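Being a predicted model, the structure only gives us computed values, none of them experimental. Heavy atoms only: backbone and side chains are in, while hydrogens, waters and symmetry mates are out. Just so we're on the same page: letters track the sequence lines, and every chain starts at 1.
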Amino acid sequence: MSKKGKPINAAEVIKRASAVLSGPRVPAKTAKDAMKNVKVEKDDPLVKRYASR
Amino acid sequence: MLTIHIADNNRNTEGWHGVKDWLLRFKYMQALYVIGIVLIVAHGAWSIWTIAHPPRAASAQSNPAAAPSSASPSVEQEGGSGTPSETNTITALVIKPIVTSPVNKVIFRSLFYLFVWVLLFLVVPVAFLRLKRFKFFNVEFEVEGERAAIQQAIITTSKASLMEYLTGRDAFIKTLGCMHGNVITFPDVLRVLLDDIQAAYRDTFNAGFTIEIYEDEIPPKYARMAQHSKETGHSSLWNKAETDHPFKPNRMVYYYSISETSFLLTVLSSFATQFDAFDKHVLPLLHNVISTNIESIELMVVATNPNPAPPPAPSPNANPES
């Protein structure tokens, strides 16, 4: 993905796509890891909003 | 010298600000509370002082020696006659002198005012959910509002975190893992990611649900919910009432059109867990993300394939101008 405002370079895109397709197919983390260890502080506005209900 | 003056000014300013901050921190309610207690105590002290030092006009009218002398003969008189009355009881003999004492009256009245004042300031914050826990003698009150709010916030944040995960790189790689050769199918990816979410819900919320995916098929028992989902474009959600049959499952059904001719029906069911508004949006999000990821992978495969297959020939019935 071009993030610097440069015109799309087909060769670069194909190179990146090839790298992605030939790269590892095991994710670094699962949904369980993503949802685990979520911390919410007591003074978080979300907590205050729920507490005020 | 100039530096010293500036430093002194700053110190004075800081000192004043410190006092001002301290005063601001001292909220109006606390100030009112303390002022009330001080006034009650002062009123009690003033009342006792007035009793001990009565005004001359009042002391001239009253006859303090009459009360004790009149009390004892009446007790003796009533005791001697043998008729039962309230004044003969031990309570009357012990309590009456305490209660009738003007000093004790002032003390009890002040204690009563203090009691009401303190109770008022303990009960009112509870009504407004400001005080979460307080102890009054041996009775302890705790309001669970904050803990419940934190739990609710954690659940919401976890589900938002799941959405972040699904739209991120890891879910894309997981989608890529479902590609075998040059073949990747929507239902396969959906099953893998739903299994992942199922495990996450079980571990995080201790909430289990079962997954059913139907391709181009709507079972009769899900027909109405599927129709509702198809019409609205959102998940169709049904949670049983608390008093409902325990073996009736909560359900969430989502109709997703893959193409003009094919569709998927995703059904999540749970006996113990209710589905909420977040879950309702997670399911469409999941389908949309899978669709986008598969399209990206298809484009990558086409871009990196040196000998792409020719596009299918147009059908003879097709309008060439369209």
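The two residues A17(A) and M300(B) make their nearest non-hydrogen contact at CB-CG, 3.7 Å. Considering every non-hydrogen atom in both S158(B) and M35(A), the closest pair reads O-CG, 3.5 Å. For the residue pair A34(A) and S161(B), the shortest heavy atom distance occurs at O-OG, 2.6 Å.
Atoms CG and CD1, on D44(A) and I154(B) in that order, are 10.0 Å from each other to the nearest 0.5 Å. The distance from the CG atom of N182(B) to the CG atom of L21(A) is 9.0 Å, given to the nearest 0.5 Å. Note that NZ of K32(A) is 8.5 Å distant from CG of D196(B), once rounded to the nearest 0.5 Å.
The interface of residues 165-177 of chain B with chain A, defined by heavy-atom distances below 4.5 Å, comprises Y165(B), R169(B), D170(B), F172(B), I173(B), K174(B), L176(B), G177(B).
Counting non-hydrogen atoms of neighbouring residues, nucleotides and ligands closer than 6.0 angstrom, the CG atom of D43(A) exceeds 12 such neighbours. In this structure, E164(B) places its CD atom where only 12 or fewer heavy-atom neighbours from other residues, nucleotides or ligands lie under 6.0 Å away.
Looking at heavy atoms from C-beta onward, I150(B) lies in side-chain contact with K42(A) at the 4.5 angstrom threshold.
Among pairs with a residue in residues 262-285 of chain B, those fulfilling salt bridge (charged side-chain N to carboxylate O under 4.0 Å, His left out) read K159(B)-D276(B), K159(B)-D279(B), at least two apart in sequence or across chains.
Applying the side chain to side chain contact (heavy atoms under 4.5 Å, CB included) rule to S291(B) yields the partners F186(B), Y256(B), E295(B); only residues at least two apart in sequence or on another chain are considered. For T292(B), there are no side chain to side chain contact (heavy atoms under 4.5 Å, CB included) partners two or more places apart in sequence or in a different chain.
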Next item on the list: Verify side-chain contact (heavy atoms from CB on, under 4.5 Å) between R25(A) and M179(B), making sure each step is shown before the conclusion.
Entry: CA-CA 10 Å; R25(A) 296 193 180 184; M179(B) 189 168 75; 3.6 Å; yes
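When atom types are taken as modelled, the side chain of S18(A) and the backbone of T304(B) share no donor-acceptor pair closer than 3.5 angstrom.
With a 4.5 Å cut-off on non-hydrogen atoms, T204(B) touches chain A through its side chain but not through its backbone. No part of V13(A) comes within reach of chain B, as not one of its non-hydrogen atoms sits under 4.5 angstrom from that chain.
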